[in-house]
> 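Before I ask anything, here is the structure I am working with.
What you see is a predicted model; the values in this text were computed from it and never measured.
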Amino acid sequence: MQASIHTFAEDGSGSALLDDGQVVGWPSTVFADSALRHVRVGQRVSIELDGTAVTRLWIVGIGEGEVIR
């Protein structure tokens, strides 16, 4: 699923806004596992959720096995 970055903290934790207006958060460990260096407010990202918590965060085309088509 896709979402827009809502907040991003120095420690890597943050939140994203789903297309239905729901805000979902992630701890710094999820961002560390993403291999991303930074995200900005408003940026579109792909996420996986466990209930209302983000468990995976990535940008399509960035990372191992990700191909931009």
Side-chain angles (χ1 to χ4, degrees):
M1 118 180 352
Q2 287 198 320
S4 299
I5 299 298
H6 184 257
T7 63
F8 183 66
E10 255 185 55
D11 69 354
S13 63
S15 64
L17 184 64
L18 303 181
D19 292 341
D20 68 1
Q22 180 182 0
V23 177
V24 293
W26 69 82
S28 58
T29 54
V30 169
F31 186 76
D33 291 344
S34 75
L36 297 173
R37 293 186 294 177
H38 184 74
V39 291
R40 59 178 167 68
V41 172
Q43 183 174 10
R44 294 291 283 179
V45 293
S46 295
I47 62 171
E48 287 181 2
L49 292 175
D50 180 11
T52 59
V54 177
T55 58
R56 182 175 175 223
L57 169 73
W58 75 99
I59 298 173
V60 173
I62 298 178
E64 185 176 329
E66 293 289 322
V67 178
I68 297 175
R69 298 180 193 265

> If you compare all heavy atoms of Ser15 against all heavy atoms of Thr7, which two are closest, and at what distance to 0.1 Å?
OG-OG1, 2.7 Å
> Are the side chain of Trp26 and the backbone N or O of Gly12 linked by a donor-acceptor pair below 3.5 Å?
yes
> Find the distance between NE2 (His38) and CD (Glu10) and round it off to the nearest 0.5 Å.
10.5 Å
> Measure the spacing between OG of Ser13 and CZ of Phe8 and express it to the nearest 0.5 Å.
8.0 Å
> Is any side-chain heavy atom of Phe31 less than 4.5 Å from a side-chain heavy atom of Leu36?
yes
> To the closest 0.5 Å, what do you measure between CD1 (Ile47) and CD1 (Ile59)?
13.0 Å
> Under the salt bridge (charged side-chain N to carboxylate O under 4.0 Å, His left out) rule, collect the residues that match up with Asp19, sequence neighbours excluded.
Arg44
> Would a hydrophobic clustering, with Ile, Leu, Val, Met, Phe, Trp and Tyr connected at side-chain separations under 4.5 Å, put Met1 with Leu57?
yes
> Looking only at non-hydrogen atoms, find the nearest pair between Ser28 and Asp11 and report the distance.
CB-O, 2.9 Å
> Is it the case that more than 12 heavy atoms not belonging to Asp50 sit under 6.0 Å from its CG atom?
no
> Might you point out which heavy atoms bring Leu18 and Ala3 nearest each other, and give the distance in Å?
CD2-CB, 3.8 Å
> So which atom in Val41 and which in His6 form the shortest heavy-atom distance, rounded to 0.1 Å?
CG2-O, 3.7 Å
> Does the pair Leu49 and Thr55 meet the rule for a side chain to side chain contact (heavy atoms under 4.5 Å, CB included), with working shown?
CA-CA 5 Å; Leu49 292 175; Thr55 58; 5.9 Å; no
> Between Thr52 and Gln22, what is the shortest heavy-atom contact and its length?
CG2-NE2, 3.4 Å
